[in-house]
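Everything quoted here is computed from the prediction, not taken from an experiment. For the numbers below, each heavy atom of this structure counts, side chains included, while hydrogens, waters and symmetry mates do not.
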Amino acid sequence: MANWEQLASISALLSQEDITIASGDEFDGYASPMLKLVAEAHSKGFDYTCLPLTTPHWRDRWTEMCVLPSGKERDKARDIAAEKRAEAWRSNPGFLKDEVNITRLDEAEGSSILVSDWLPLDAADEWVRHDAEIALQQEVGFAAYLNIMTAILPAPRHREHIASYARAVNRCLKKNHFIQISIRLPIYDPDALNSLSESRKNRATYMANQPRSRTSIIAAGTPRLVVSGSASNLINSPENVLHATWEMWDVIRSVCEYDPRLTLTLDLTLPLPTSSSALAKWTAEPVRYVLVPATTFIPNNKGYPVLPKSTQSFIKDCITHRPTFILSESASGIHQKGGETAYMQYLRHLEKTSAAAVNIQKSGTVENFAAGYQDYLQAPLQPLMDNLQGATYQTFEQDPVKYKNYEEAMYRALKDWPHDGRVTFCIAGAGRGPLVARCLNAIKKTKREAFIYVIEKNPNAFVTLQHRKQSEWGTNVELLFGDMRTLPVPEKVDILVSELLGSFGDNELSPECLDGASRFLKAEGISIPSSYTAHLAPLSSSKLYNEARAAKDAEKALETPYVVMFNAATVISGDGGGISGKCGPKYQECWEFEHPRRDAVVDDKGLPTTNSHNVRAATMSFHIPNSVVLHGLAGYFEAVLYGSIGLSIHPQRKDMISKDMLSWFPLFFPLKASLYPSPSFYEPLYLPSNCELQVSIWRLTNQRQVWYEWHAESFLATAPTLLQSTSHEDVDYAALPSPRSFNGNFSMGSSSSLNSVPGSPYIDAMDSPRVRELSRTGSIDGEPSLIMSPGGAKTKGPNTRGKITMIKIGQTSLHNPQGRSSFISLVAS
C-alpha cells in the first residue's frame with residue numbers, strides 16, 4: 001500500500017521479570033538497565049514501551065504497614081510499630097529507591113506505566129481503601145514527576161465499591177493536571193457467566209480473602225477477577241451479562257465528569273463474545289490502549305500466531321481510534337513459529353487491512369476526502385447570512401458523485417419534458433457554477449434547445465461566474481445577481497435546479513429559499529430536488545459530548561447542532577422491537593419537504609405571507625436493546641432529485657443511492673439530562689437495557705430565523721408483581737441491583753434472582769422473566785397485557801391482573817428553546 005501512514009502504534013510490555021533480569025546483566029554501554037530494555041524494544045520495531053512503575057519491594061512495605069498479616073496471631077507491639085510507620089508514611093508519602101523501576105527522565109521517555117495492579121482501591125475495608133488511595137496518589141504523582149504521559153490503572157474488582165474507586169481516580173485527575181489516566185478493563189466480567197450459586201460462592205470467597213487494615217481483624221489478600229467459564233459458555237450466555245464492565249466504566253467516567261484525560265485500556269486476555277452489540281458500545285468510548293497478550297493468539301495451520309475471528313474484527317474496528325496496542329509475553333515462546341516479531345507483524349497486517357486504513361488510503365472515499373476531520377464539530381453553514389469562501393466552494397466541488405447524480409437527474413427531466421421547443425432552466429444558488437456545467441452536459445446529450453438562467457447572491461462567486469460565462473458557457477447562459485427569494489427573473493422557467501440541501505435536509509434553509517424561487521417556476525414545472533426527508537437516530541459518543549461541553553459557553557454549545565464525520569460514535573437503537581410494540585426502526589424519518597409546493601398561499605408577488613408552512617414536528621420511539629449512555633442524536637437526510645435519482649447520507653441506504661458521496665457529513669444534536677453539581681458539567685442520559693427512548697424534535701421559525709428544539713424521555717417496562725409488597729424481612733437487599741448494575745457484586749448472578757425482589761428503574765427490563773415473556777408473546781401467564789405507552793395511553797385486555805406498565809425513568813432538558821443558542825438566519829447579508 002503506497003504512502004502508508006500508521007494509524008496505530010505498538011508498545012512492548014516489559015514485565016517485572018524482564019526488568020529484574022536486565023538489572024543483573026551488563027548494561028552494554030547504557031546508563032541503566034531500563035535504557036537498555038527500551039533500546040532493545042525499539043530495535044525490534046516497537047514504537048513505545050509499557051512497564052510496571054513499582055517493584056515488589058513497594059508492595060511488601062505497603063502491605064506490612066497497612067494490611068493485617070494473614071494467618072498470624074495478633075502481636076500488639078508489632079501492630080503498633082507498623083501503625084507508627086504507616087502514620088509516618090501517610091503524613092509524607094514517598095518511595096524508597098528500590099521500590100520503583102525508573103528514576104530518570106530519559107528512562108521514562110516514550111513509555112507508559114502500569115500502576116501497581118495489587119492496589120485494592122475498591123476493597124471492602126474502608127481503611128484499606130483509604131491507604132490504597134494514598135498509594136495511588138503517590139504512584140501517579142511520581143509518574144507525573146518523571147513526565148510520563150499516561151498511567152494505566154488496574155481494573156476495579158468489586159462492584160459494590162466502584163464509587164470509591166472512581167472518586168480516587170477523580171482525585172488523581174484533579175491533583176495532577178497533565179498526566180492522562182487510563183482504566184484497564186476487560187470487555188466483560190467472566191464471573192458474570194457463572195451460575196447464581198457459583199457467583200454467591202465466589203462472592204463469599206472474595207469477601208473472606210479481602211485485605212483489611214491493621215485497625216480491623218481481617219485476613220490479608222488481594223482481590224482478583226475470577227476467570228471462569230469457557231468460550232462456549234460465553235457464546236451461549238445472556239447478552240446483558242456482558243455489559244457489567246461497561247457499566248463500571250460509565251460510573252467511573254461520570255464521577256470524573258467526563259474528564260478528557262481519562263481514557264480506556266481494553267484488556268483482550270479473555271475470549272471475546274460473538275455479540276456485536278456487546279462490542280459495538282466500546283467503539284463510542286475513548287479507547288487509548290488495547291492490551292493483547294500472546295496467550296490471546298492461537299496457532300494457524302503452520303504454527304504461526306493469529307487471532308480468533310471475533311478478536312480480529314474487534315481490533316480492526318479499534319483502528320479508527322488510532323490506539324496503541326500493548327503486546328505482552330511476546331518473547332515467551334508460546335507459539336512454535338514466527339518468534340517475538342510475529343505478533344507485531346500480525347497486528348500490523350490487521351491494521352493495514354482494516355476498513356479505516358484501506359478507505360483512508362483510497363482516493364474518492366469519504367475517509368480519504370475528510371482525513372483529519374473525524375469527530376470534529378463544525379457549525380452548519382449560514383447560506384443567507386454569510387457569503388462562502390472560495391475554498392469552501394472548492395471543497396464541495398470535489399464531490400463527483402453528487403454532480404454526476406445531478407447531471408443524470410437533469411438529463412432525465414429533459415428527456416421527459418413533454419413540450420417541444422426551447423426548455424428554460426434556472427440554477428438557483430449557483431456558487432461557482434458546477435451545476436451550470438453539468439446542466440450544459442445534460443442539454444448536449446439530449447440535443448434539445450435550452451437556455452439557462454443562473455442566480456447567485458455572493459458577489460465574490462459572481463465574479464467567477466462572469467469569467468466562466470465568457471470563457472466556457474457562451475450566450476445560452478444569462479447571469480442574474482441577487483437573492484433568489486426576491487430577484488425578478490425575465491421569464492418563468494420549466495426546470496428549477498438548486499443545491500441548497502444541508503446535512504439534515506432543511507437545515508440550510510432550502511425550503512425558505514425555494515419558496516421564493518418557485519414563483520418563477522411554471523405551473524407544470526419541475527423542481528430538482530423534488531423532495532427530501534430528515535432522519536434521526538440516538539447516538540453515544542463520549543468524545544463528541546466532551547468536545548461540545550468543553551466550549552467556553554457549555555450550555556450554548558450543548559444546544560447547537562454540529563456537522564460531524566462520526567468516528568468514535570455508535571448508534572444505540574435497535575431495529576424495531578420494544579415492550580410497548582411502538583418502537584420504530586433504527587433510523588427514523590422526522591419529516592419531509594416537497595417542491596414546488598402546490599398548495600402555497602402567496603401574496604401578489606408570489607411569496608408566502610408567513611413561514612409557518614415550513615414548521616415541522618416529530619415524535620419517535622426507539623428501542624434501546626443494551627445499557628448505554630445517550631450523548632446526542634444523529635441527523636441524516638435523503639433527497640429525491642428526479643424520478644429514481646437521489647442523494648442520501650442515510651447509513652442504511654446511502655450506498656444504494658449515492659455511494660462515496662463526499663459533500664455532507666451527518667448532523668449531531670447534543671443532549672444533556674441535567675445540571676451536575678459542578679456548574680461546568682452537564683450530565684448525559686443513562687439508558688438501561690431494553691428501555692424505550694422517546695425523542696421529540698421541532699423545526700420552528702419566525703420572520704427572521706429558523707431553529708430546532710429537541711427533547712428526549714426514557715421509559716422502562718416493569719411488571720407490577722415485581723412492585724407488589726414483599727415484606728422487608730423477606731428481601732435480600734444485598735442482592736438488589738444498584739444503579740447501573742445488576743447486583744451489588746462485580747459478578748451479576750442470574751436473572752432468576754429478580755423474581756422475588758422489588759422493582760427498580762435501574763433493573764434492566766431484559767432481566768425480568770415476565771418482561772421477557774411479554775416481549776416474546778404479548779401476554780403474561782397466557783393473559784392479555786395492559787400496556788402504558790410513553791404518551792400515557794392504555795390498551796386494556798379482558799383481564800388486567802398483574803400487567804406491564806411503562807415507567808418513565810429519565811429525561812433531558814428542552815434544548816434550544818426559542819432558538820436561544822443556535823439558529824439559521826433568514827436575513828441575507
Side-chain angles (χ1 to χ4, degrees), residues 9-64 93-119 135-136 138-154 176 178-182 184 222 265 267 269 288-289 291-295 324-334 338-345 347:
S9 305
I10 301 180
S11 178
L13 179 59
L14 306 177
S15 68
Q16 186 61 52
E17 183 181 3
D18 295 331
I19 298 170
T20 302
I21 293 172
S23 300
D25 294 339
E26 295 294 329
F27 299 167
D28 297 334
Y30 293 97
S32 73
M34 281 307 309
L35 289 175
K36 178 183 176 182
L37 285 174
V38 169
E40 289 176 348
H42 288 163
S43 69
K44 294 172 183 175
F46 289 101
D47 302 299
Y48 304 107
T49 54
C50 180
L51 66 148
L53 177 66
T54 64
T55 71
H57 295 294
W58 165 233
R59 175 176 181 170
D60 294 342
R61 181 162 73 100
W62 184 88
T63 303
E64 189 274 335
F95 289 112
L96 303 178
K97 183 181 181 301
D98 64 349
E99 293 175 344
V100 289
N101 284 314
I102 50 177
T103 58
R104 301 159 50 118
L105 286 174
D106 53 354
E107 292 175 336
E109 187 176 350
S111 294
S112 53
I113 62 101
L114 298 175
V115 169
S116 298
D117 61 2
W118 47 265
L119 276 181
L136 175 65
Q138 176 180 316
E139 294 194 24
V140 174
F142 187 74
Y145 162 75
L146 291 175
N147 203 33
I148 290 171
M149 298 308 297
T150 305
I152 301 175
L153 271 59
N176 302 277
F178 299 104
I179 193 169
Q180 294 189 8
I181 291 180
S182 193
R184 177 176 170 177
T222 301
T265 296
D267 188 340
T269 300
R288 180 68 185 88
Y289 295 95
L291 178 62
V292 190
T295 52
T324 295
F325 293 105
I326 301 176
L327 264 176
S328 68
E329 304 174 280
S330 57
S332 60
I334 295 174
E340 185 175 359
T341 58
Y343 304 97
M344 181 167 46
Q345 291 169 354
L347 287 178

| Roughly how far, to the nearest 0.5 Å, is the OG atom of Ser23 from the CD atom of Gln16? | 8.0 Å

| task | Let me see the working for Arg288 and Thr324 under side chain to side chain donor-acceptor pair (under 3.5 Å), right down to the final yes or no. | result | CA-CA 6 Å; Arg288 180 68 185 88; Thr324 295; 3.2 Å; yes

| task | Might you work through the side chain to side chain contact (heavy atoms under 4.5 Å, CB included) test for Leu136 and Leu153, ending with a clear yes or no? | result | CA-CA 9 Å; Leu136 175 65; Leu153 271 59; 4.0 Å; yes

| note | Those residues at least two apart in sequence (or on a different chain) that pass salt bridge (charged side-chain N to carboxylate O under 4.0 Å, His left out) with Glu340 are Lys44

| Can you tell me if CZ on Phe142 sees more than 12 non-hydrogen neighbours from other groups inside 6.0 Å? | yes

| field | Residue pair Thr54 / Ser116: nearest heavy atoms and the distance that separates them | value | OG1-OG, 2.6 Å

| Taking atom types as modelled, is there a side-chain donor on Asn101 or Glu107 under 3.5 Å from an acceptor on the other? | no

| field | CG-CD1 distance between Asp117 and Ile152, expressed to the nearest 0.5 angstrom | value | 12.0 Å

| said: Parallel, tilted or perpendicular: which one describes the rings of Trp118 and Trp62, with boundaries at 30° and 60°? | reply: tilted

| query | Between Glu139 and Phe95, is any pair of side-chain heavy atoms under 4.5 Å apart? | reply | yes

| remark: Correct closest heavy-atom pair for Ala294 and Glu329 would be CB-O, 3.3 Å

| request: Please name the pair of heavy atoms, one in Phe46 and one in Ser330, separated by the smallest distance, quoted to 0.1 Å. | output: CZ-OG, 4.2 Å

| field | Shortest non-hydrogen contact from Tyr289 toward Ser182 | value | CD1-OG, 4.0 Å

| request: State the OG1-CD distance between Thr49 and Glu109, to the nearest 0.5 angstrom. | output: 10.0 Å

| Closest non-hydrogen atom pair, Leu105 against Asn147 | CD2-CB, 4.1 Å

| field | Gap separating the OG atom of Ser11 from the CG atom of Asp47, nearest 0.5 angstrom | value | 8.0 Å

| request: Could you tell me which non-hydrogen atom of Leu37 sits nearest to which non-hydrogen atom of Asp18, and how far apart they are? | output: CD1-O, 3.9 Å

| request: Hey, could you give me the OH/CG distance between Tyr145 and Asn176, rounded to the nearest 0.5 Å? | output: 14.5 Å

| query | If you measure from CG on Leu96 to CD on Glu99, what distance do you get to the nearest 0.5 Å? | reply | 4.0 Å

